[in-house]
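In what follows, a structure is listed as structure tokens, so that the remarks can point back to it.
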Amino acid sequence: MHLGHQRHVEIQVMPIEGDEHASLAGPFTLLLTKTRRRMAYVEAQSQSVVHSDPVKAQNLEAT
């Protein structure tokens, strides 16, 4: 089964026209745990990081 067909997976596509967006700097994944904790996994060429600070995750989610 493809990941996009699973019930817990949501795929969002960002149009290339428009204002600056957080994902233009590279891919990131927003996570919501079973306990409703928000986190963000940010990928970069030389380093990847998980942001467990809710404010950082919320900033990525809002853009």
Side-chain angles (χ1 to χ4, degrees):
M1 176 184 285
H2 293 286
L3 288 176
H5 292 272
Q6 295 182 20
R7 294 179 63 199
H8 68 282
V9 174
E10 179 179 328
I11 298 174
Q12 298 180 351
V13 179
M14 182 185 78
I16 57 174
E17 299 87 20
D19 296 334
E20 191 170 318
H21 192 277
S23 66
L24 293 177
F28 64 90
T29 303
L30 297 171
L31 309 163
L32 182 61
T33 67
K34 290 181 181 181
T35 60
R36 311 291 295 168
R37 183 175 178 192
R38 296 186 184 282
M39 300 170 69
Y41 171 68
V42 181
E43 285 187 46
Q45 185 173 0
S46 62
Q47 159 184 350
S48 298
V49 66
V50 174
H51 293 289
S52 58
D53 177 12
V55 174
K56 288 185 180 183
Q58 186 177 23
N59 287 339
L60 285 170
E61 184 177 21
T63 56

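All of these numbers come straight from a predicted model, not from anything done at the bench.
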For Ser48 and Glu43, work out which heavy atoms get closest and say how close. OG-CA, 3.7 Å
To the nearest 0.5 Å, tell me how far His2 NE2 sits from Ile11 CD1. 10.5 Å
Holding to side-chain contact (heavy atoms from CB on, under 4.5 Å), I want the full list of residues that pass it with Ala57, two or more places apart in sequence or in another chain. Arg38, Ala40
Would a single hydrophobic cluster contain both Leu32 and Phe28, if residues Ile, Leu, Val, Met, Phe, Trp and Tyr are joined by side-chain heavy-atom contacts under 4.5 Å? no
When Ile, Leu, Val, Met, Phe, Trp and Tyr are grouped by side-chain heavy atoms lying under 4.5 Å apart, directly or through other members, which residues fall in the same group as Tyr41? Leu31, Met39, Val50
Walk me through it: do Val42 and Leu60 pass the test side-chain contact (heavy atoms from CB on, under 4.5 Å)? CA-CA 10 Å; Val42 181; Leu60 285 170; 3.8 Å; yes
With sequence neighbours left out, write down each residue that passes side chain to side chain donor-acceptor pair (under 3.5 Å) with Glu10, or none if nothing qualifies. Gln12
